[in-house]
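Just so it is clear, the structure is predicted and the values come from calculations on it, not from any experiment. Throughout, protein chains are lettered first and strands after them, A, B, ... in sequence-line order, and every chain is numbered starting at 1.
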Amino acid sequence: MSEYIQVVEDENDEPIEIPSEPDGTLLLSTLSAQFPATCGLKYRNPETGTFRGIRLVEGRLHPPEGSWGMQLYVCVFPKAENKRKGDEGQENPAAKTKRLDQAKCSDLIVLGLPWKTTEDDMRKYFSSFGELILVQVKRDPKTGGSKGFGFVRFSDYEAQKKCISQRHLIDGRWCDVTIPNSKEGSQHLMNRKIFIGRCSEDITAEDLRSYFSKFGEVVDVFIPKPFRAFAFCTFADPAVAQSMYGEDHIIKGTSVHVSSAAPKNFDKPDRRGGSGSSGGGGFNTSHSNYNPGYGGQERYGHHGNNASYGEDMYGQSSYGYR
DNA sequence: GTTGAGCGTT
């Protein structure tokens with residue numbers, strides 16, 4: 001049964017009521033719609049006053065005793081920066097302010113631009129979100145050809161938030177906008193996406209699109225070539241993606257398994273030495289290592305595809321490489 | 001055969 005759950009970011013805040021799903025679980029996406037960047041919930045054990053963590057499985061938070069009740073739940077945020085061991089005891093009120101202070105605009109990377117898109121095109125498109133103070137298309141210095149990505153920066157943080165919260169149809173291709181090299185950024189991109197495992201080779205991108213469109217608007221399908229028995233499907237709405245995590249589906253007679261799309265580059269498990277925290281603040285989590293050895297030279301060859309589908313079939317070319 | 005692809009000459 002669906003119910004409303006009282007949630008606060010900080011124990012002293014006024015609660016916001018968040019709806020659970022019909023099965024009683026709370027989608028992390030529902031929670032993060034009200035509390036961006038939150039990664040979980042905790043509540044105080046009434047008997048001891050100690051915080052208890054809420055179980056999180058496949059994007060769903062599970063009620064502690066079968067029901068959420070009138071209990072107050074407190075958001076948990078990733079990575080308590082600034083906190084040395086032993087400091088845990090005091091929740092200083094500055095903590096919240098600190099997070100708010102981070103709400104500054106940063107450069108945003110625009111991934112997946114059509115080769116033909118120019119800075120003027122980008123400016124035209126993105127200015128609808130707010131005032132732009134940077135627009136760039138990255139090009140090969142020799143050929144002058146676009147590298148298929150660029151950067152924008154807004155002056156208004158609300159514009160930035162809006163912009164990174166959705167996919168963008170630019171000159172006929174779906175593009176992602178996110179914080180460069182940041183874990184937050186990649187998480188953002190992942191939560192609209194499902195990983196489809198156990199695919200058979202006869203399942204085409206077209207099959208996946210038409211099948212998953214039953215559940216919500218599909219904005220992208222990706223099948224690695226050569227065949228590797230998995231695929232990705234991106235929905236316009238993160239809630240659609242997250243509601244499917246953990247499910248099995250039959251497509252063309254094959255049982256495929258849907259789970260969350262993990263970032264390609266996972267953080268190294270061991271971080272040693274002082275984290276090189278730049279004093280500047282902002283979203284500078286510099287710990288994503290992006291595949292240094294990869295050349296990506298195919299991108300410059302040609303646009304012809306040995307993939308199954310033409311680039312214009314859906315107005316985008318996720319079916320080829322690129 | 002269950003985790004792609006793209007990250008900035010300033």
Earlier contact from the 5' end, DNA chain B, for Gln136(A) and Leu111(A):
Leu111(A)
In whole angstroms, how far is the C1' atom of dG1(B) from the CZ atom of Phe195(A)?
11 Å
Roughly, in whole Å, what's the span from CG in Leu134(A) to P in dT10(B)?
14 Å
Is the distance between the ring centroids of His249(A) and Phe215(A) under 6.0 Å?
yes
Report yes or no: is the ring centroid of Phe151(A) under 5.5 Å from the six-membered base ring centroid of dG8(B), with the two planes under 30 degrees?
yes
Strictly by salt bridge (charged side-chain N to carboxylate O under 4.0 Å, His left out), give each pair with a member in residues 48-65 of chain A just once, sequence neighbours left out.
Asp23(A)-Arg60(A)
Sequence neighbours excluded, which residues qualify as side chain to side chain donor-acceptor pair (under 3.5 Å) partners of Lys116(A)?
none
By ring pair (Phe, Tyr, Trp, His ring centres under 6.0 Å), which residues pair with Phe154(A), not counting sequence neighbours?
none
Base dT3(B) paired with Ser260(A) side chain (donor-acceptor, <3.5 Å):
no
Are Phe51(A) and Tyr43(A) close enough that their ring centers fall under 6.0 Å?
no
Separation of dT2(B) atom P from Ile203(A) atom CD1, nearest Å, is 13 Å
Report the residues that fulfil side chain to side chain contact (heavy atoms under 4.5 Å, CB included) with Ser260(A), sequence neighbours left out, ordered by chain and then residue number.
Tyr245(A)
From dG6(B), dA5(B), dG8(B), nucleotide with atom closest to Lys193(A) side chain
dA5(B)
For DNA chain B, determine which residues of residues 229-242 of chain A have any heavy atom closer than 4.0 angstrom to one of its atoms, and list them numerically.
Phe230(A), Phe232(A)
Which of these nucleotides, dG6(B), dG4(B), dT2(B), is closest to any side-chain atom of Asp176(A)?
dG6(B)
How long is the line joining CH2 of Trp174(A) and C1' of dG6(B), in whole Å?
18 Å
Among the nucleotides dG8(B), dG1(B), dG6(B), which one has an atom lying closest to any side-chain atom of Phe227(A)?
dG1(B)
Got a donor-acceptor pair under 3.5 Å from the side chain of Asn181(A) to the base of dG8(B)?
no
Rounded to whole angstrom units, what separation is found between the CG atom of Leu113(A) and the C1' atom of dA5(B)?
13 Å
All side chain to side chain donor-acceptor pair (under 3.5 Å) counterparts of Ser165(A), not counting sequence neighbours
none
Has Lys138(A) got a side-chain N or O lying under 4.0 Å from the OP1 or OP2 atom of dT9(B)?
yes
Would you please indicate if the ring centroids of His168(A) and Phe126(A) are separated by under 6.0 Å?
yes
Measuring from the side chain of Arg198(A) (C-beta onward, heavy atoms only), which nucleotide among dT2(B), dG8(B), dG6(B) has the closest atom?
dT2(B)
Send over the distance from Arg139(A) CZ to dT10(B) C1', rounded to a whole Å.
16 Å
To the nearest Å, give me how far apart CZ (Arg228(A)) and P (dT3(B)) are.
7 Å
Round to the nearest Å and state the distance from Phe149(A) atom CZ to dT9(B) atom P.
6 Å
Choosing from dG8(B), dT2(B), dG6(B), which nucleotide comes nearest the side chain of Ser259(A)?
dT2(B)
Select one nucleotide: of dT10(B), dA5(B), dT2(B), the one nearest the side-chain heavy atoms of Met190(A).
dA5(B)
